Visitor: 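Before we start, here is the structure in question, set down as structure tokens.
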There are 2 protein chains.
Amino acid sequence: MARQGTRPRRATIFDVAAEANVSRGTVSRMLNGEPYVSDSARDAIEKAIAKVGYVRNMAARNLATQRSKAIALIVHEPHSVFLEDPNIGAILLGTNERLSEADYQLVCLIIGSDRDSARIADYLRGGFVDGAVIVSAREHDPIADAIAHIGLPAVFVGHPESAPDMHYVGIDNRSAARDITRALLATGRKRVGMIAAALDRDSGSERLAGFRDAMGDDFDENLVVDFPLYSRNSGVEGMKTLLERAGDIDGIFAASDAVAAGAMDVLRQSGRSVPGDVGIVGFDDSDWALRCQPQLSTVRQPADLLGREAASMVLELVNGVTPETPGRILPTEIKLRGSA
Amino acid sequence: MARQGTRPRRATIFDVAAEANVSRGTVSRMLNGEPYVSDSARDAIEKAIAKVGYVRNMAARNLATQRSKAIALIVHEPHSVFLEDPNIGAILLGTNERLSEADYQLVCLIIGSDRDSARIADYLRGGFVDGAVIVSAREHDPIADAIAHIGLPAVFVGHPESAPDMHYVGIDNRSAARDITRALLATGRKRVGMIAAALDRDSGSERLAGFRDAMGDDFDENLVVDFPLYSRNSGVEGMKTLLERAGDIDGIFAASDAVAAGAMDVLRQSGRSVPGDVGIVGFDDSDWALRCQPQLSTVRQPADLLGREAASMVLELVNGVTPETPGRILPTEIKLRGSA
DNA sequence: ACACTTTCTGTGAACGTGCACAGAAGGCGA
DNA sequence: TCGCCTTCTGTGCACGTTCACAGAAAGTGT
């Protein structure tokens, strides 16, 4: 109780009321911008607030109103990927922007361990937030189950199959993967493989499915490797494996730009040129894509818009509006650059 | 009020007490792990909790106890840098880890606009958190002033001069900059410049000061450029300017690895080799450093430990313990690789 | 002068918890 | 039997708001 000891006592609405010679009801109305407050009362209250240094106690307000005007953004990522994944940051910022417009506070919660999971479930149940946006949940994510159980308004970024009845925003990973693979094939490649990643997430498995779609009869299981993370290192290891398996490979679809970057480095080290000997395409259109030499052909996904849409949707849910559709799919765009 | 309408009503401590045939006082004691609860009562309460599906209402608990067991991490960064800066993520994870150990919830708040600043100040005053860690505050940051005014226990990562009496953890940017510059000079460079950044932050200005220290009489103002952000683009623009000013420049200290990466790309495009024609060193030891060709000589700063220390410190403050020293400086390490 | 609306104000009762206090029940020694 | 300690339990109040309601004050039309 250090805070209580050192500071005298926070001014309450009672203090303001006494100072302004009105009742706390009037002060409350004024604070909440309700009508029916006289000009004279308004003036007196304003002065009183300034004088006693009053600020609302949100805990009390929450208790009385049963809402908090805060929305959680839950990020479930192993450490290394959180640092490398360019989408999460953009989603975060997009969500924050939209919530800010609605005067809601974004509260970002990180799941780094099982212990975090349990504590965060308590936090969500505790009434600290009115809703939640979940980023990068995987199939059968405990936190997703907890949210469903609590009944907290929630929107997923992405669409895990294990939570089919939850609201979501996302992109059509499968179609996009198909299209970018076709673009790669259109450059005349004969032996095309994929470095897949994160098959435990919908984005990962759908990208693989799209690749398969595009390859049709030419699909060769032997030319597909997969790794847990969308990381540069996955690209490095994956490319090494593929080169061992098929030295004549001439096309690579990497599950993300970071993966592609790793793969490209290995190709270079092995003396192969890009796009001369091997064509390579990625996914995300993150800054990895621009930093590659040559720059990467990839799929642009509107990460910031995903965040914005998720925020809009959760605001609707919180306000009792049922969204027209349970999910929203945002368009992606093929970006052709020099790598294929 | 959608939530109230759709869901029946949350179980309270009263419901548990009634179900277990004890008083709410006993339930409360049990919940808080206090002694003096009989085994029979304990059993009955446990069963009752499970039966009615009770969870604590944190808002009410906050109101009664005047604490929240949550700590804010406030990030003040323009969008682009938030995405590029490798340190912030690591600090975030370090802080989360330490707080998690103490069973505190980390709540991450993003300042993206002035509007955010004001709302966050309200949030902090509102009793939602017991303390705060502030990352990348700049001089005369409004949120820093607000925190000081509120009297909320707070720890800065970094040490703005405009907030001298706040607690902080950080590194000795000046000494580290001096040392890495000396390492660069030791490779025999004659015309050495600096691409500085973020001079409105203590880290930025101190790195420049350290560079100046190392250069001594050889310091040439004409070979220093500065930019607002620690970004790759700053490196690109800065390097172009320096090459125009002095085509014979043969050494560069970049204010961060990202800046160095941009500079290196420009050097390559201009036909200069690294480290043959120009030696270059950076700061951070982020993954930028490893992705450069050649890899970057740089200063390793323990970003995750900074987060952990900041968390430990704010926990001390919250618990009424005055830290031994107002600030803590963590050691850095020079990493020599191929770029100089 | 009267009823009637509109504008404004004050009050009691929640919201769900923790804490201090009073007191009950049981064991124990004199 | 009495007093005393230890263990356990129940109750009133505080925390600082919002909300519903009752009612005062002021204006409006007849």
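Everything numeric in this text was worked out from a predicted model, so none of it was measured.
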Visitor: Quick one: is A:Tyr54 getting a side-chain N or O under 4.0 Å of the D:dT17 phosphate, OP1 or OP2?
Guide: yes
Visitor: Do the side-chain N or O atoms of A:Ser38 get closer than 4.0 angstrom to the phosphate oxygens (OP1, OP2) of C:dC8?
Guide: no
Visitor: Under 4.0 Å, counting only non-hydrogen atoms across every strand here, what does B:Asn62 touch: a base, just sugar-phosphate, or nothing?
Guide: nothing
Visitor: Please classify the nucleic acid contact of A:Val55 as base, sugar-phosphate, or nothing, using heavy-atom distances under 4.0 Å.
Guide: sugar-phosphate
Visitor: Of the options D:dC13, C:dC15, D:dG16, whose atoms approach the side-chain atoms of B:Arg24 most closely?
Guide: D:dC13
Visitor: So, is A:Gln66 close to the D:dC19 phosphate, meaning a side-chain N or O under 4.0 Å from OP1 or OP2?
Guide: no
Visitor: Using rotation axes that map the C1' atoms of four end pairs onto the next four (five pairs an end), what angle separates the end axes of the helix from C:dA1-D:dT30 to C:dA30-D:dT1, to 10°?
Guide: 50°
Visitor: So, is A:Asn57 near the phosphate of D:dC15, with a side-chain N or O under 4.0 Å from OP1 or OP2?
Guide: no
Visitor: Can you see which heavy atom on A:Thr26 is nearest to which on A:Val37, and at what distance?
Guide: CG2-CG1, 4.3 Å
Visitor: To the nearest Å, give me how far apart OH (B:Tyr36) and P (C:dG18) are.
Guide: 19 Å
Visitor: Are the side chain of B:Arg67 and the backbone of B:Val318 linked by a donor-acceptor contact shorter than 3.5 Å?
Guide: yes
Visitor: How close or far is atom P of D:dT17 from atom CZ of A:Phe14, stated in whole angstroms?
Guide: 8 Å
Visitor: Output the rounded distance in Å from CZ (B:Phe128) to P (D:dG16).
Guide: 15 Å
Visitor: Out of C:dG16, D:dT18, C:dG18, which has the shortest distance to the side chain of B:Thr65?
Guide: C:dG18
Visitor: Could you check how far NZ of A:Lys69 sits from P of D:dT18, rounded to whole Å?
Guide: 12 Å
Visitor: What's the closest nucleotide to the A:Glu34 side chain, out of D:dC19, C:dT11, D:dT17?
Guide: D:dC19
Visitor: Starting the side chain at C-beta, find the nucleotide from D:dT18, D:dT9, C:dG16 nearest to B:Ala60.
Guide: C:dG16
Visitor: Between B:Ile71 and B:Thr95, is any pair of side-chain heavy atoms under 4.5 Å apart?
Guide: no
Visitor: Is it true that B:Asn96 and B:Arg308 share a donor-acceptor pair across their side chains at a distance under 3.5 Å?
Guide: no
Visitor: For C:dG10, does either OP1 or OP2 sit under 4.0 Å from a side-chain N or O belonging to A:Ser23?
Guide: yes
Visitor: As a test of reading the structure: which of D:dT9, D:dT18, C:dG18 is closest to the side chain of B:Arg61, going by heavy atoms?
Guide: C:dG18
Visitor: Sort out for me which residue in A:Leu152, A:Asp130, A:Thr322, A:Val155 forms a side chain to side chain contact (heavy atoms under 4.5 Å, CB included) with A:Leu317.
Guide: A:Val155
Visitor: What integer distance in Å separates A:Arg56:CZ from D:dC15:C1'?
Guide: 17 Å
Visitor: Just to be sure I understand the rule, does B:Ala59 reach a base, reach only the sugar-phosphate, or reach nothing, if contact means heavy atoms closer than 4.0 Å?
Guide: nothing
Visitor: So, A:Ser68 versus A:Asn62: side-chain donor-acceptor pair below 3.5 Å or not?
Guide: no
Visitor: Among the nucleotides D:dT17, C:dG18, C:dT9, which one has an atom lying closest to any side-chain atom of B:Ala64?
Guide: C:dG18
Visitor: For A:Met58 and C:dG16, give me the distance from atom CE to atom P, rounded to whole Å.
Guide: 20 Å
Visitor: If you check the A:Arg29 side chain, which of C:dT9, D:dG16, D:dC8 turns out closest?
Guide: C:dT9
Visitor: In whole Å, I'd like the distance from the CG atom of B:Leu31 to the C1' atom of C:dC19.
Guide: 14 Å
Visitor: For A:Ile13 and D:dA14, give me the distance from atom CD1 to atom P, rounded to whole Å.
Guide: 18 Å
Visitor: For B:Ile143, does its backbone N or O pair with a side-chain atom of B:Asp141 as donor and acceptor, under 3.5 Å?
Guide: yes
Visitor: What I want to check is whether the side chains of B:Arg98 and B:Ser312 have a donor and an acceptor closer together than 3.5 Å.
Guide: yes
